[in-house]
Every structure is written in C-alpha cells, then in structure tokens.
Protein chains: 2
Amino acid sequence: MKPTIQLVAKKAGVSMSTVSRVMNNHPAVLPETRSKVLSVMKELDYIPNQLARGLSSNGFNNILIIFTRSSTQAADNPYFGNIIGSIGMVAEQNDYDLILHSNDNEDNEIEKAVSMINSKLIKGIVLLSSRTNSKFLEVLAGTGIPIVVIGKYNPSIHSECIVSVDTDNYQDSYEIGDYLLQMGHTHIGCIHAPLNHYVAVDRVQGLKDCLKTRHIAFDEDCFVDGGDTVDTAYMAALNLLCSNRQLTAIFATDDIKALGIYKAARNMNLRIPEDISVFGHNDFDFSSLLTPPLTTIRVPIHELGMISASKLFSMIQSDKKETSQMLPTKIQFRGSVANLKHQ
Amino acid sequence: MKPTIQLVAKKAGVSMSTVSRVMNNHPAVLPETRSKVLSVMKELDYIPNQLARGLSSNGFNNILIIFTRSSTQAADNPYFGNIIGSIGMVAEQNDYDLILHSNDNEDNEIEKAVSMINSKLIKGIVLLSSRTNSKFLEVLAGTGIPIVVIGKYNPSIHSECIVSVDTDNYQDSYEIGDYLLQMGHTHIGCIHAPLNHYVAVDRVQGLKDCLKTRHIAFDEDCFVDGGDTVDTAYMAALNLLCSNRQLTAIFATDDIKALGIYKAARNMNLRIPEDISVFGHNDFDFSSLLTPPLTTIRVPIHELGMISASKLFSMIQSDKKETSQMLPTKIQFRGSVANLKHQ
DNA sequence: TCAAGTTATGGAAACGCTTCCACGAAAGAA
DNA sequence: TTCTTTCGTGGAAGCGTTTCCATAACTTGA
C-alpha cells in the first residue's frame, strides 16, 4: 500500500495535522518535529496525493487551452505549436500545467469546461480564436473564471473576466488592400480560411471594405474559402486562377494558403509575381525562403502567447483587472507582389 | 453553495448511494427512482465533482505528453503541432484529456510525473523523443504506467509497459548517404540537431557509417550542430559553407535546418543544387514548394501520432501487450540534389 | 503571583464522492 | 408453505488531505 499522511504521522509519532503542516511549510512547527517528519517521509518514500489535496483545499493549478481542430489555428499549422509553446513557458514559470481541448463539438466542450471549473480542476482558460456565433464565452462568462481569448470575440459580451489579445486583422487587411491598389492591382482575389472564426472574417472584411471605399469593383466569386490546409488552398487557388484570368493579385489570409497558391501557380506555369501576385499573412519560418520570398504580414505569434498567458496569470493570482490588448504587426515587403505601375 | 450528491439525495428522498448509482448507470435502480433523481439533478443544476469522484474511485482519464522545449520536436517546429494534434484526436475519441509537460528540467519532470501517477492523475504517457542518457524511462518504468515513446530510447531498458513507435532514422540516413554517393557527391557535410536526442544521433550516425563503409573519407568538422531553429541552422550553414569550399552536398537532419541552408546559400549567392546540394528530413508542408523543391524523406508524422496513441490506449484499457513498431518512410526525390555524374 | 498571550500540537470534521455490507421485500424453487 | 435467491435501497466506512478548534505548556508583563 502507498504510504499516506496517516502512516507518516504514526511512524513519526505525531498527528496528521502536524504532518500536513510540515508539508505546507506552516511556521508553527518545532524544527526538531519538522526534521523528524521529513526524515520519516523520505524513509517511507511518501508522495502526497494531489487529488486529496485538491479536494480539501483549492483545487488544481491547471489552465485549459481550447483550440479548434479544423481551423487556421489547427494543430498542423505552425501557429498552433508556437502559441502553445509560448503559453507553456509562462505556465511553467508559474508552476501551472496545461490541459488541451479542442472545441470541435461545442456543446460537449462547454459542458466539459464547466465541469472542470466546478471541480476546481482549472483556474483559467485560453481560447485560441473564438468562433463566430459561439455560445462558449457567453456561458463561461457566467462562471467568473478568468479567460483570455487570442483574437476577437463576440463584442456583445461584456465581462470583467474575459480579455482578448489580438492583432488588428481588419486594419491590416485594409492596408494590404491599399498597398495592392497602390501597386496597380485592381483585380484582386482572396483565398481565406472558413468564415466561422472572427479572425478569418476580419481579414476578409478589411480587404472588401477597402476595395469598396476606393470604389474598386470586385467579384464576390473571387473571395473563396481555401480550407485549412495547403491542399485545400491549392485546390481553391487552382479553381480561382482557372476561372478568373484577369486576376493580378491574391490575398491569402494565412501563409499556409499562400503555399497553396504558390503550388497552383507552379502547376499552371504562372510566374509569381509577374503573372500573379500573392500577399500572405502571419510570416512563418518558410515564408521568406520561398521563391519569390512571400510578401506578408508579420504577426508576433510568440508575443501573442506570452502576453496572453501573463494576463491570465495576473487575473488568476491577483484578481487585478486586465485590459484587452492589440499587438502591432509589420508588413514584410518581399518579392511576391509586382508593381504593375512600373511595367 | 454548490449542490452536492447529498442535497440531491435529500431532495429526491433517496440515499446518496442511490444517487451515485444513477450517475454511474448502475443497473439496480428502479426506473421511477432513476427518473426522480435525474429530475432533481436537473432542477438543482447538479454537476458532479470530478475531484471527489477521482479520489474515491480510479482517478482521472488523462494522458501526459512530454516534450523537450529545446529540441527538434520543440513547439515551434511543425512536427510538434502535428503530432500533438494526432494524439489529441485519438484521445478525444477515448474521452481522455491531454496534459502537456516539457522535460527541459528532467529531475523536476520525473518528480512531477511520478507524483501524477501516484495521485492517479494520469493513465499513460507519450514521450515525444527520448534524450540520450536520460533517466526518465528508467525511473518511470518502475511505476508500471503504460508509456509510448515516439522515437528510439535507451535499448538497455526492458519493460513490458514501454513501447516505441518510430521510423528507422539510422537506416534512412544510411540510404541517403548511398544516394548522395551515387549522385557523385564525395564531400558531404551535415547540419544536425543537438546530439542529446536519439533521433539526431541516429540520423547522423547512419550517414557516417555509410561513408565509412564505402571508404569515403570525411571531415568531422563537416558535421555541425545546427541548433533547433532556422536561424541557428543558418549560422551553422554559413560557417560550414565558408570554411569548406569543396563540399558539394549537405544533409540536414530536419527540413527546418534545410531552410537554414537555403537561406545561407542564397546569401552567399550559391545555387542549389548546382553549387551545393541539400538533402532534408521530414517533408513538411513547405518542403516541396521551395526553389528548388527539397529532396527529403517523408516521415508519416500524423501516423506516428495516431499509432502511438492507439497503442497507448490499448495498453491502458486492456493490459494487452503491445509491441514497438517501425513505420515506413519514403524518399522524396525532388530538385535539391545535383547529379554530378551527368555534368 | 496570576491573568493574558503565545506556541506547538492533537482531534475530528469536512471536502464530495464510491462502494461494501446489510436488510427487507418480492419472487422462485422445493 | 418454507427456504433460497434476487432486487432495490440505505447506512456508513472509506479515499487522503486540510483546517478549525481545543488544549496544554510556556512565556510575558504588571
């Protein structure tokens, strides 16, 4: 049988209370008692039971990370590992563990999360990208648990315990639109992630609004869903390029999709940027090493993760009010967008 | 106060035992009693406490995933997300949760893992890549918890509860060596991951042994540690290429390192493959879309994750003996290796 | 010298469930 | 009819901690 606090107490000739005090570094323990207890613990190879401790005190130091398997933030996107890694670093410093959930089945996930909160299994949540028309935050807000959303979330939710860390996707896309126009592109397409996440919606809408404001007509058919993988984006790009010969530029809401476009262009013998320009988003490791190097927007993924985690722990540990934060991005002008005005 | 089983029992006019039976779908409960209890539960918004359940029965259904932050399997490598995602899928199907730990501080991690096992917090472990001279498995084997190692581990450990899923890194590298020789390369360098993981050691050793067997002299200085990021690999490649003008090919033990080599080549105005050939390993999304497309080895990362998880659950759930498994890889011949014999 | 603090410790209730054992009632077997 | 079984249920002892309260032995300070 595994040794318990009771056995330790007996062997050390003290009460369970005293053993507990020793484990928790309570000051009111005589040094000799403490060392006696400690030596018995060592001798018996005693390991405290976390479940029992959790049950009788304040639960576990875990934070729950929720992602959508089928999304641009999905596990096979470099974004995912980066951000999990960053959150994990901060968590480790705070001696917290990470629990990973996908919310592909939302109702199920809400129930699970509520149960974990109720059981004091988790102290905070990081939501990697919120779905549009998701009830998740609405429900979870009621529990009062600190939540950090990476990205935008339903603006009608106002809760002290929910905070977002984000980049300005809408504005960035708007500026990309202006840049493309400035380079002389007027027939612009877009390959985007499925529009059930705010991030994708904003990246698309920013570009559309820019074009509208500048009175550039565009065809809704040139804005197509490119799924979440290189292959789906490739198929989408192939379709788009075949059916729209006048297109001179495509905005990919994610460098993974840009990869799909590069692949399609190569297979159609289209040169980038001479025949078709490409603008990406995120700036992954490989982006600058494509041929031509991909013009894209650098998103500070690592910072996104670190700052989210920091805010979360600050909320957990001190009940301090935290505020949402917008991180700056930077356009990386490289070689995948042609300047049509100089031709 | 949160409703407990006791309150439910009182309101429903039954004993706690009966409520518990209802929750656990025990057959010996009269249908009318069951529905009475269920309706009270609903009415009170009762949520079972997982901690209490865990304490008095058989713990939690969690599996622990351990990775090394500073390694080729680190979070910012596409490998990481892929494999976590794959394991997660299988875990979800089995209604298990994932807990994520890094083992950068090994002693600390051993202690944590042992404590979790002791507290019945986890039922199995997936170790993403084992360190050479690590005590982790040695210690954990003693606990009898099922463990799957992705990659090779200390061959002196023999335990019923440890199983590995891997690709044959040594053999693959050996074959890469032969292929390069066949293409007329005799001055071959290597940029590898730090040699504290079996995977890196094997990938390097396979090539070295090939060269030795074929009586091709090589300079140890041409085998250099390229760290774990594109940047560190880039620096390593720069150094290597500057100081070894006769090198005609470099083997990168990871496509991320190949990226570093591409970058170095570009900055030194070296053409791939005309001036320097590159052979990678893993075959990531971007690898086939580089210019030239990277010749590399396709590692079935997704399968690695799925199969590992399946084996783990089979061990957990049925005490069935599982066996280690070697997954097949496939060389992707693309454009980054020149055939010197045809020049 | 004695009341009023301290201090180190023990006892036992709580945390919220599960589960073993017991028991009465109903049902089947002899 | 009587003796076993089976079934639905309740009682209460765990599971392994923490923590509140009590207590006894020492200080202090006037």
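FYI, side chains are in, hydrogens and waters are out, and symmetry mates aren't considered; it's all heavy atoms of this structure. Per chain, numbering begins at 1; letters A, B, ... match sequence-line order. Keep in mind that this is a model prediction, so the values were computed, not measured.
- When the P atom of C:dA8 is taken as reference, atom NE2 of A:H26 falls 9 Å away, rounded to whole Å.
- Position along DNA chain D of the nearest nucleotide to A:I5 versus B:V29 favours B:V29 as the more 5'-ward residue.
- Here B:E106 does not pair with B:K135 in a salt bridge; the nearest charged N to carboxylate O distance is not below 4.0 Å.
- With C:dC17, C:dC20, C:dT18 as the candidates, the nucleotide lying closest to the side chain of B:Y46 is C:dC17.
- Counting to the nearest Å, the P atom of D:dC20 and the CG atom of A:N24 are 12 Å from each other.
- If B:N118 and B:T33 are placed on DNA chain D by their nearest nucleotide, the residue sitting closer to the 5' end is B:T33.
- Not a single donor-acceptor pair under 3.5 Å links the side chain of B:S86 to the backbone N or O of B:G305.
- The residues A:K123 and A:D97 are annotated as not salt-bridged, no charged nitrogen and carboxylate oxygen being separated by less than 4.0 angstrom.
- For B:K112 and A:D95, the salt-bridge test passes: some basic side-chain N is under 4.0 Å from an acidic carboxylate O.
- The separation between B:L51 atom CG and D:dT17 atom C1' is 12 Å, rounded to whole Å.
- Counting distance only, with no hydrogens placed and no angle test, the side-chain atoms of B:R34 and the base atoms of D:dG8 include no donor-acceptor pair under 3.5 Å.
- Distance from the side chain of A:M23 is smallest to D:dT17 among D:dT17, D:dT9, C:dT18.
- The CG atom of B:N25 sits 15 Å away from the C1' atom of C:dT18 (whole-angstrom rounding).
- Computed from coordinates, the A:K120 NZ to D:dT18 P distance equals 13 Å when rounded to whole Å.
- Side-chain atoms of A:S56 and base atoms of D:dT17 include a donor and an acceptor less than 3.5 Å apart.
- Note on B:T4: only backbone sugar-phosphate atoms sit closer than 4.0 angstrom, heavy atoms only; bases stay farther off.
- For the pair A:K36 NZ and C:dT9 P, the interatomic distance rounds to 13 Å; values are reported in whole Å.
- For B:S20, no side-chain nitrogen or oxygen approaches OP1 or OP2 of C:dC17 to under 4.0 Å.
- Using a 4.0 Å heavy-atom criterion, one finds that B:S119 contacts no nucleic acid atom at all.
- For NZ of B:K2, the number of neighbouring non-hydrogen atoms (other residues, nucleotides, ligands) closer than 6.0 Å is greater than 12.
- Taking the six-membered ring for Trp and the full ring otherwise, the centers of B:Y198 and B:Y153 sit at least 6.0 Å from each other.
- If you check C:dT9, D:dT18, C:dC17 against the side chain of B:A52, the one that comes closest is C:dC17.
- Residues of residues 10-17 of chain B that place a heavy atom closer than 4.0 Å to DNA chain C, in numerical order, are B:M16, B:S17.
- At the heavy-atom level, A:L7 lies nowhere under 4.0 Å from the strands shown.
- Distance from the side chain of B:R21 is smallest to D:dG10 among D:dT17, C:dT19, D:dG10.
- Using a 4.0 Å heavy-atom criterion, one finds that A:L30 contacts the sugar-phosphate atoms exclusively.
- A:E322 and A:V163 get closest at one heavy-atom pair: O-CG2, 3.3 Å.
- Taken from CE in B:M89 to CD1 in B:I84, the straight-line distance is 14.0 Å, to the nearest 0.5 Å.
- Rounded to a whole Å, the CG atom of A:N49 is 6 Å from the C1' atom of D:dG16.
- Distance CD (B:Q6) to C1' (D:dG10): 14 Å, rounded to an integer number of Å.
- Contacts of A:T18 with the nucleic acid, taken as non-hydrogen atoms under 4.0 Å apart, involve only primed sugar atoms and P, OP1 or OP2.
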